[in-house]
Amino acid sequence: MSALLDVSGLSVARGGARVVHDVDLSVAPGEVVALLGPNGAGKSTLLECLGGVAPAAAGSVSRHGRVATVLQAPGLARRTVRANVELALAWWGVPRPGRRTRAMEALEQMSAAHLAARPSAALSGGERRRVHVARGVACRPDVLLLDEPFAGLDGETHQSLVEDTSSALRDASGAVVVVVHDRADAWALADRVVVLTEGRVVADGPPRDLLAAPPTAQVARFLGYDGHLAESGGSLLTRPAHVRVSADGALAGRVVRVVGTEDGVLLDVEVADGRLRCRDAGEWRVGDGVRLDVAGGVSYDVEGRRRTGRH
Amino acid sequence: MSFFLEGLRQAWQEITTPGSGIWQVVRVTLQVAGVSTLAGLVIGLPIGVALGIGRFRGRGALLVLANAGLGLPPVLVGVVLTLLFFPEAPLGFLRLGFSLKGVYVAQTVLAVPVVVALTASAIRDLPVGLLDQGRAFGASRLALGVLAVREARIGILAATIAAIGGGLSEVGAVVLVGGNVVGYDQTLASAALQRVGAGDYAGAMAVGILLLALILLVVAALTWLQYAGRRGPRATVRAS
């Protein structure tokens, strides 16, 4: 099926400086793509350009169908929630008779139907974001662009909104591009993750594949590979899932940091060839000796390129 | 204190005495304030909306100009318009000098910057992202303008109150352009000025009291209108 969004050699400038460089991207119908990257990576700028809000400095964006952008700030008009969604539909060009039904459907998809008659001023932060996303869902665009729809929410509200948004986006027939800051959001929402750093696409693929084998050490660190062991000609990067505390483990080390978590502790352990991070349910203190087993991880050469073959 | 009491007594007498002429002055005052505020809104509102929502080169300079207009000296406006309305002057053909229409024009010139500056400011204070979101969903300029006016209505009514307050109490431009002709274009404020000039301080106080009462009445009505939509069950804002 032909792509709904085709981006070729795209560069975008902001305040005279280029913040997005030479991006190639293609989004197919039904695909949910997460743009992931650290602060200042150019994710929102790229999204604005995809939506036609910001101009391209170079390259091209081909949109095959209508594109709706849900901006980061959930600016709602001083009226009821349903009226806000209907207003978005009016902007989108939906004739008046169909607006109410579509607005209610979108609110139901976002588990916000019970808020329909409530004035926007009476909504909590999470509810505002829910209604904000519902406006985009109600428009039923060919391509829906969402800019950090979960920013600034507490953990529980965040999680619940991610789950509802994930369901709503799966129900949508068009393509979705969503900017997220949190890796977990990308895994929850997307079929495909595009990692941006310093305005460049540094990784692009299904979430599971990307996490299993990040193409570069830089991407690996961004995706949570926070342990490293020096190897000949490079290093092995690991995630906590790759490292296990074991009484007869192959590596001896010393605990240098202990962070409490819901299910135990997160340990930073200095070993002879590096520093590893792992989870454990036991009680640990800084300075304790520990033995570790490493099962997994990805090897990179000195320039940070992935080496073929897993550790 | 005796001036004040005498003023009150005289005000009551003028109000209750048929043919005292005070009601004609009240009518002219309301007419001047009403026409100039209406004209100020018709001209100033679209400009204020454009400055509030627009993104164009020179917008900042125009905002500075509008804000500077808030401090426009009425006497200067009066002098400039009087000169322009002289029969041989560029606008002399309009025959607006020493006429009620000329007073309307002078007051409108003073009202427009008030409406422009306060409207633009009210629109710029709208929740972050609301208008941008409208643009992102393909809203037309007209739709954005209507939304902006609706959302900023409290600020726009504040601009209206400021403009009508100026129209009711302004005296410099009215006297210079209209000539302060009794029974024709004299307003309460210019009548007070004339009575002070004639040494009739109690009479000036009487007119001043009437003017103050009129301002209170009009502003109270507009303030009621300003917050009418906000009555009813108070909205509760929750934390999360």
Side-chain angles (χ1 to χ4, degrees), chain A residues 47-48 50-54 66-80 83-85 87-94 115 117-133 135-136 138-139 141 144-147 151-158 160-161, chain B residues 49 52-57 59-60 118-160 223-240:
Chain A
L47 196 85
E48 283 176 17
L50 296 181
V53 178
R66 290 189 75 189
V67 179
T69 308
V70 174
L71 302 175
Q72 198 175 125
L76 299 177
R78 261 194 291 250
R79 49 187 86 181
T80 65
N84 263 286
V85 182
L87 180 65
L89 290 170
W91 290 333
W92 190 246
V94 176
L115 304 173
R118 197 179 289 180
S120 63
L123 299 178
S124 68
E127 288 165 345
R128 290 180 78 81
R129 291 225 165 256
R130 213 169 265 280
V131 174
H132 188 44
V133 175
R135 291 196 293 196
C139 289
L144 178 62
L145 307 176
L146 299 160
D147 189 1
L153 298 177
D154 65 65
E156 195 183 336
T157 311
H158 182 123
S160 136
L161 185 54
Chain B
V49 170
I53 69 175
R55 294 168 173 173
F56 51 86
R57 197 178 287 272
R59 178 167 155 269
L118 298 185
T119 298
S121 165
I123 289 173
R124 287 177 64 75
D125 276 347
L126 289 179
V128 178
L130 175 61
L131 298 174
D132 285 338
Q133 188 56 71
R135 284 189 191 96
F137 281 152
S140 66
R141 281 183 192 171
L142 180 66
L144 281 181
V146 170
L147 174 73
V149 169
R150 190 178 156 146
E151 291 297 308
R153 60 189 178 275
I154 288 176
I156 291 170
L157 268 164
T160 309
T223 308
W224 178 83
L225 198 65
Q226 192 177 21
Y227 291 99
R230 290 198 150 188
R231 291 200 190 89
R234 187 176 284 274
T236 51
V237 180
R238 288 186 286 158
S240 66

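Side-chain atoms are counted along with the backbone in the values below, which use heavy atoms only and exclude waters and symmetry mates. Letters A, B, ... are given to chains in the order of the sequence lines, protein chains preceding strands, and every chain is numbered from 1.
Listed here is the closest heavy atom pair of A:A77 and B:E151: CB-OE2, 3.2 Å. Nearest heavy atom pair, residue A:L87 against residue B:L147, reads CD2-CD1, 3.6 Å.
Ranked by heavy-atom pairs shorter than 4.5 Å toward chain B, the options A:V53, A:L76, A:L89 are led by A:L76. For chain A, the option among B:A136, B:G129, B:P127 with the highest count of heavy-atom pairs below 4.5 Å is B:A136. When A:G75, A:A88, A:G136, A:C139 are compared by the number of non-hydrogen pairs under 4.5 Å with chain B, A:G75 comes out ahead.
Taken from CG in B:D132 to CD in A:Q72, the straight-line distance is 12.0 Å, to the nearest 0.5 Å. Distance check, rounded to the nearest 0.5 Å: CG of A:D147 to CD of B:Q133 gives 10.0 Å.
More than 12 heavy atoms of other shown residues, nucleotides or ligands fall within 6.0 angstrom of atom CZ in A:R79. Within a 6.0 Å radius of CZ in B:R59, other residues, nucleotides and ligands contribute more than 12 heavy atoms.
Between A:W91 and B:F137, the ring-plane angle classifies as tilted under the 30° and 60° cut-offs.
Both the backbone and the side chain of A:L71 come within contact range of chain B, with heavy atoms under 4.5 Å apart. At a 4.5 Å heavy-atom cutoff, the contact between A:R135 and chain B is made by backbone and side-chain atoms alike. There is no contact between A:L145 and chain B, counting heavy-atom distances below 4.5 Å. Only the side chain of B:R150 comes within contact range of chain A, with at least one heavy atom under 4.5 Å from a heavy atom of that chain. With a threshold of 4.5 angstrom between heavy atoms, B:L144 does not approach chain A through any atom at all.
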